[in-house]
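Taking it in order: structure first as structure tokens, then the write-up.
Note that the structure is a prediction, hence the values are computed from the model and not measured.
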Amino acid sequence: MTPAHFAFSSTFMLGLSGLAFYRTHLLSALICLEGMMLSLFIALSLWALQLDSTSFSAAPMLLLAFSACEASAGLALLVATARTHGTDRLQSLNLLQC
């Protein structure tokens, strides 16, 4: 395993473990998701550069566009949750009351 591959896989696993263990606030869950998407973007960009193929050059930009859409939807959900419930704590959210 190369050092770059180890760095990106450990970054992704760190974001995944943060999402699994520290999910008390919605904002921390969204930040962990963004860290995972950023590590995937960098890994996919380096993979496209290592292959020297032009057919894979659009994949990182497509992933970045989806990541931006995910971030904007997550921020909209965070604002809507904070307005209706008064907090972003995930334990206070109950889907049966909505």
Side-chain angles (χ1 to χ4, degrees):
M1 181 181 289
T2 63
H5 185 253
F6 177 73
F8 295 125
S9 62
S10 64
T11 304
F12 183 80
M13 292 305 289
L14 185 65
L16 187 63
S17 66
L19 184 64
F21 295 130
Y22 302 111
R23 54 178 184 220
T24 57
H25 294 280
L26 183 60
L27 184 62
S28 64
L30 290 175
I31 287 173
C32 289
L33 280 175
E34 285 301 314
M36 290 168 55
M37 289 297 284
L38 182 64
S39 67
L40 284 176
F41 169 71
I42 293 173
L44 194 61
S45 298
L46 287 180
W47 183 57
L49 284 175
Q50 286 176 351
L51 289 179
D52 269 344
S53 176
T54 58
S55 62
F56 292 120
S57 62
M61 294 307 292
L62 186 66
L63 182 72
L64 192 62
F66 283 136
S67 177
C69 293
E70 177 231 346
S72 65
L75 186 60
L77 283 173
L78 178 69
V79 168
T81 303
R83 283 186 180 174
T84 57
H85 295 284
T87 183
D88 69 334
R89 292 186 60 87
L90 292 177
Q91 284 84 14
S92 68
L93 300 178
N94 189 359
L95 293 178
L96 297 177
Q97 291 178 349
C98 292

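- Sorted by first and then second residue, the ring pair (Phe, Tyr, Trp, His ring centres under 6.0 Å) pairs with a member in residues 13-52 read Trp47-Phe56; sequence neighbours excluded.
- One finds the SG atom of Cys32 at 9.5 Å from the CG atom of Leu27 (value rounded to the nearest 0.5 Å).
- Note that the CG atom of Leu78 and the CG atom of Leu26 stand 5.0 Å from one another [nearest 0.5 Å].
- Closest approach of Ser45 to Pro60, counting heavy atoms only: OG-CB, 3.4 Å.
- Note: the hydrophobic cluster containing Phe66 does not contain Leu75 (ILVMFWY, side chain heavy atoms under 4.5 Å, direct or indirect links).
- Using a 4.5 Å cut-off between side-chain heavy atoms of Ile, Leu, Val, Met, Phe, Trp and Tyr, with links allowed through other members, Leu38 and Met13 fall into the same hydrophobic cluster.
- In terms of hydrophobic clustering, with Ile, Leu, Val, Met, Phe, Trp and Tyr side chains grouped at heavy-atom distances under 4.5 Å, Val79 and Leu33 are assigned to different clusters.
- The CG atom of Leu16 lies 12.5 Å from the OG atom of Ser10; values are rounded to the nearest 0.5 Å.
- Atom CG in Leu44 sits 11.5 Å away from atom CE in Met61 (nearest 0.5 Å).
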Does Leu40 form a side-chain contact (heavy atoms from CB on, under 4.5 Å) with Phe8? I'd like the steps, not just the answer. CA-CA 8 Å; Leu40 284 176; Phe8 295 125; over 6 Å; no
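- Rounding to the nearest 0.5 Å gives a distance of 7.5 Å between CG of Leu46 and CD1 of Ile42.
- The hydrophobic clustering, which links ILVMFWY residues whose side-chain heavy atoms are closer than 4.5 Å, places Leu77 and Leu19 apart.
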With side-chain contact (heavy atoms from CB on, under 4.5 Å) as the criterion, how do Ile31 and Glu34 come out once you've worked through the C-alpha distance, each side chain's angles and the decisive distance to 0.1 Å? CA-CA 5 Å; Ile31 287 173; Glu34 285 301 314; 5.6 Å; no
